[in-house]
J.: 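Sharing a structure with you now.
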Amino acid sequence: MDAKTIIARRVAQELSDGDLVNLGIGLPTLVANHIPDHIHVHLQSENGLIGLGPQPTEDKVDKNLTNAGAEYVTLKEGGMYFDSVTSFGIIRGGHVDVTVLGALEVDQHGSLASWIIPGKLVPGMGGAMDLVVGAKKVIVATTHTNKGRPKIKAACSLPLTAKEEVDMIVTELGVFHVNEDGLHLVERHPDISIETIIEQTDAPLIVGDVKLMEV
Amino acid sequence: MDAKTIIARRVAQELSDGDLVNLGIGLPTLVANHIPDHIHVHLQSENGLIGLGPQPTEDKVDKNLTNAGAEYVTLKEGGMYFDSVTSFGIIRGGHVDVTVLGALEVDQHGSLASWIIPGKLVPGMGGAMDLVVGAKKVIVATTHTNKGRPKIKAACSLPLTAKEEVDMIVTELGVFHVNEDGLHLVERHPDISIETIIEQTDAPLIVGDVKLMEV
Amino acid sequence: MDKTIDKQAFMALLHDNQTIMVGGFMACGTPETLIDWVVESGVGNLTIICNDAGFKDRGVGKLIANDQVKTLIASHIGLNPEAGAHMSAGTMQCELVPQGTLAERIRAHGAGLGGILTPTGVGTIVEEGKRVIETDGTKYLLELPLGADLALIDARVADRHGNLVYDKTARNFNPVMAMAAKTVVALAHETTATLDPENVVTPHVLVDHIVKEVG
Amino acid sequence: MDKTIDKQAFMALLHDNQTIMVGGFMACGTPETLIDWVVESGVGNLTIICNDAGFKDRGVGKLIANDQVKTLIASHIGLNPEAGAHMSAGTMQCELVPQGTLAERIRAHGAGLGGILTPTGVGTIVEEGKRVIETDGTKYLLELPLGADLALIDARVADRHGNLVYDKTARNFNPVMAMAAKTVVALAHETTATLDPENVVTPHVLVDHIVKEVG
């Protein structure tokens, strides 16, 4: 199984029946493919719907039905449309149970950098700052390293998306909880040793009872 | 013609085609009966509609279609319903062209008292404070005196609805404009002398070219 | 997920000392059946947030008459003499809030804002005890969010997911209150399989329980 | 009152140095015909307020490519490399605003608020130059209203009064922008006599002009 699939599958296990969930562009989108059959979650797309369905076949494409990544999507039965003010009222108001998003960097205190590399990449924060501040549970889903460099840091060096809002980090190597006392390694990939994870992480880790990830 | 009809008729002349208008409970409501045929205005009821129509006949009463005074009303063709947040967004945001409301007291600077007589009458301000602050033009429609005591004062003695927001006062005796330099008498009832108006007004009046009210 | 509950399950949601938001404007759009059940439950010491005090025998007025309300937060109490009597007797406190400010304070809670700046009430007794914040030379009152333990709202139709639409001016405060309480119970006068996704007013994720109106 | 205007009348609304709000999310829900006419008009030095920079050949991206935009206020510019190129070349300034904050700032203007307190952006570079206001021990940013001279919005249907409904996720920023500009022009893809008063999203009083989409 490739890294992205490992991550998406593990994140999917965090979702509960009835949850309202927002999945960021890219890797987090894959989580939708791994939600267990007995769990029914409602996916929000912050551009204006709840009840995000799969991509349409080409003959069913509606140019006025897109997700936040400008891809054509569908609406599930029971879903509905709303405007941007309502959408972010729902997000900022704590009505989203889980938001899953990627990272350029994430640190031991749960601060996240995901929207700008000064002088290089300035796409903008879009809805990410509101999502991270507003959602009840914030999960960062990211490959453990970028070109060999750890993405989990003692402190983010890039401009932040939000300060100390991340609750959980899922990578292909392990699962991490951000607690008051620091960053806990709580699960590891069965083939990866705790030592390897410590080595590839640029932040102090608290290592207690470490379970094995289902992969 | 009785005082209330004189006032309502004169206020109606202030309305322009296409205006969005909010009429307060009581005397201001009568303005709707005197709008010239060639003028089409849209009446808002702040409890949630634009397009307020006349009261229904008894067999057409709908208990879920009321005005802000809890009376049964109708909706005109082209009208629509909305919630209280939208209603007051429209009001506070300056989208109401004219609001007409009564007064306990109104002063030379355009401050209005209309919602409380401490220790005696505490109905609450309802939507009046938002209307007076938000509407483009605020017209106070009131009998000139209350049991012989002038309602137009140098300064309000009762708690205010809003400070310095009234643009115009219409009574059965005359019409007054609140300008930067003070309160101007601009029209008088044909049968009433300027001296009488000055006598029955508890505020200094600026008297220039005084026209006759149409009554 | 069927959100329908019966009377017994509803009664289990009620407790002394709760803060309860109740939709409706002069009892139009108030879920009377749910109010009757709160009366029957006998829970006391309640803080009620509602546009107004209703009437003696309609809307939240029934809770006041039954001595269940410790504090009423409303914009208007004039049509219910019982409210005034309870205030004079010192058995109920009343916090009067301008109607647009009441709507925005509830919205602020539901939308995750720390407060809003409004021109409404500047220079009046509504300003007392509040922070005045000036921007660009204009004074505004900082009005703080208002949330509740329970919201009791009145819908025309609920679909099987819990999506809601309202009826005419019975909409008023119901949608915004559905955003702002820990637990939201909607009295539905009709039920249907699904609503048009373009016309849903309150998305199902905001609604915890549905009580079907009988008869 | 017929609000329909033709191309010539639309062109007369355009001027150099205007601030123009444009609906749409990655060009879904952007009134392309109106954007084409702004391109054709050649007006320059514009401040554009839009969720994003669109694409090089769709949405407000066309205005950027044609060097008409002095300042872009948006939440995201990543899908339009032209926007980045214009920023690097110094020919366009860009103010990046979190998407939920952008929606609330526009709403604040339209609803007559002096600003809103949001937790979004606290502890990030979005905080720079802004007032931080603390209530109950929590820090919020004071975000100020955002209005415009002109709003260009995209509606599915306009009725003969100017009431509007939108299409699926093409709704997004269109309704809130209809509240926040001095002049509001809606491109209507269909017209009808009247809309259901329960389902109107934008009340006619907010809409100044309708352009009927041809073909």
J.: Side chain from CB out, backbone as N, CA, C, O: work out which of these in Phe55(D) comes under 4.5 Å of a heavy atom of chain A, or both, or neither.
T.: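 Side chain only.
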
J.: Using heavy-atom distances under 4.5 Å, tell me whether Ser87(A) contacts chain D through its side chain, its backbone, both, or neither.
T.: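 Ser87(A) has no heavy atom closer than 4.5 Å to chain D.
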
J.: Should the heavy atoms of other residues, nucleotides or ligands under 6.0 Å from NZ of Lys56(D) be counted, would the total exceed 12?
T.: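 No, not enclosed.
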
J.: Considering only heavy atoms, give the residues of residues 176-185 of chain A separated from chain D by less than 4.5 Å, sorted numerically, with 'none' for an empty result.
T.: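 Residues in range: none.
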
J.: Below 4.5 Å, heavy-atom pairs only: which of Asn80(D), Asn172(D), Asp167(D) has the largest tally toward chain A?
T.: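 Counting heavy-atom pairs under 4.5 Å, the top option is Asn172(D).
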
J.: For residues 4-30 of chain A, give me every residue with a non-hydrogen atom less than 4.5 Å from any non-hydrogen atom of chain D.
T.: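 None at all.
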
J.: Donor-acceptor pairs under 3.5 angstrom involving side-chain atoms of residues 107-128 of chain A: please list them, not counting sequence neighbours.
T.:
from, atom 1, to, atom 2, distance (Å)
Asp107(A), OD1, His109(A), N, 2.9
Asp107(A), OD1, Gly110(A), N, 3.1
Asp107(A), OD1, Ser111(A), N, 3.0
Asp107(A), OD2, Cys156(A), N, 3.3
Gln108(A), NE2, Ala154(A), O, 3.3
Ser111(A), OG, Glu164(A), N, 2.9
Ser114(A), OG, Thr161(A), OG1, 2.7
Trp115(A), NE1, Leu160(A), O, 2.9

J.: Can you confirm whether Pro159(A) sits close enough to Thr124(D) that some side-chain heavy atom of one is under 4.5 Å from a side-chain heavy atom of the other?
T.: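 Not touching, per the 4.5 Å side-chain cut-off.
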
J.: With a cut-off of 6.0 Å (strictly less than), are more than 12 heavy atoms of other residues, nucleotides or ligands near NZ of Lys212(D)?
T.: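 No, not enclosed.
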
J.: At a heavy-atom separation under 4.5 Å, does Phe88(A) approach chain D through its side chain, its backbone, both, or neither?
T.: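 Just the side chain, heavy atoms under 4.5 Å.
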
J.: Distance check, rounded to the nearest 0.5 Å: Glu46(A) atom CD versus Ser75(D) atom OG?
T.: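 It is 9.0 Å, given to the nearest 0.5 Å.
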
J.: Taking atom CG of Asp2(A) as the centre, report whether more than 12 heavy atoms of other residues, nucleotides or ligands fall under 6.0 Å from it.
T.: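 Buried by this count: over 12 neighbours within 6.0 Å.
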
J.: For Glu58(A), is the CD atom crowded, meaning more than 12 foreign heavy atoms sit under 6.0 Å from it?
T.: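 For Glu58(A), atom CD is not crowded (no more than 12 foreign heavy atoms under 6.0 Å).
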
J.: Which atoms of Thr101(D) come close to chain A, meaning under 4.5 Å heavy atom to heavy atom: side chain ones, backbone ones, both, or neither?
T.: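 Backbone plus side chain of Thr101(D), per the 4.5 Å heavy-atom cut-off to chain A.
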
J.: Please output the residues of residues 129-146 of chain A in contact with chain D, using a heavy-atom cutoff of under 4.5 Å, in numerical order.
T.: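 The stretch touches chain D at Met129(A), Asp130(A), Val133(A).
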
J.: Considering only heavy atoms and a distance below 4.5 Å, find which of Met26(D), Arg156(D), Glu104(D), Arg107(D) pairs most often with chain A.
T.: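 Ranked by contacts with chain A, first place is Glu104(D).
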
J.: Donor-acceptor pair, distance only, cut-off 3.5 Å: does the side chain of Arg92(A) make one with the backbone of Gly100(D)?
T.: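 Answer holds: yes.
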
J.: More than 12 heavy atoms of other residues, nucleotides or ligands under 6.0 Å from CG of Asp59(A): is that the case?
T.: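 Above 12, so yes.
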
J.: If you compare all heavy atoms of Thr169(D) against all heavy atoms of Asn47(A), which two are closest, and at what distance to 0.1 Å?
T.: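 Result for this residue pair: CB-ND2, 3.7 Å.
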
J.: Do Lys168(D) and Asp62(A) come within less than 4.5 Å of each other through their side chains, counting heavy atoms only?
T.: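 With C-beta onward as the side chain, the pair touches.
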
J.: At a heavy-atom separation under 4.5 Å, does Leu65(A) approach chain D through its side chain, its backbone, both, or neither?
T.: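 For Leu65(A), heavy atoms of backbone and side chain both lie under 4.5 Å from chain D.
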
J.: Just so I understand: if I count every heavy-atom pair under 4.5 Å between each of Ala68(A), Ala70(A), Ala162(A) and chain D, which residue has the most?
T.: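 Of Ala68(A), Ala70(A), Ala162(A), Ala68(A) has the most heavy-atom pairs under 4.5 Å with chain D.
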
J.: Can you tell which of Val97(D), Asn174(D), Val201(D) has the highest number of heavy-atom pairs within less than 4.5 Å of chain A?
T.: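 Of the candidates given, the most pairs with chain A belong to Val97(D).
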
J.: Between Asp83(A), Leu49(A), Val73(A), who has the most heavy-atom pairs with chain D when the cutoff is under 4.5 Å?
T.: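 The option with the most such pairs is Asp83(A).
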
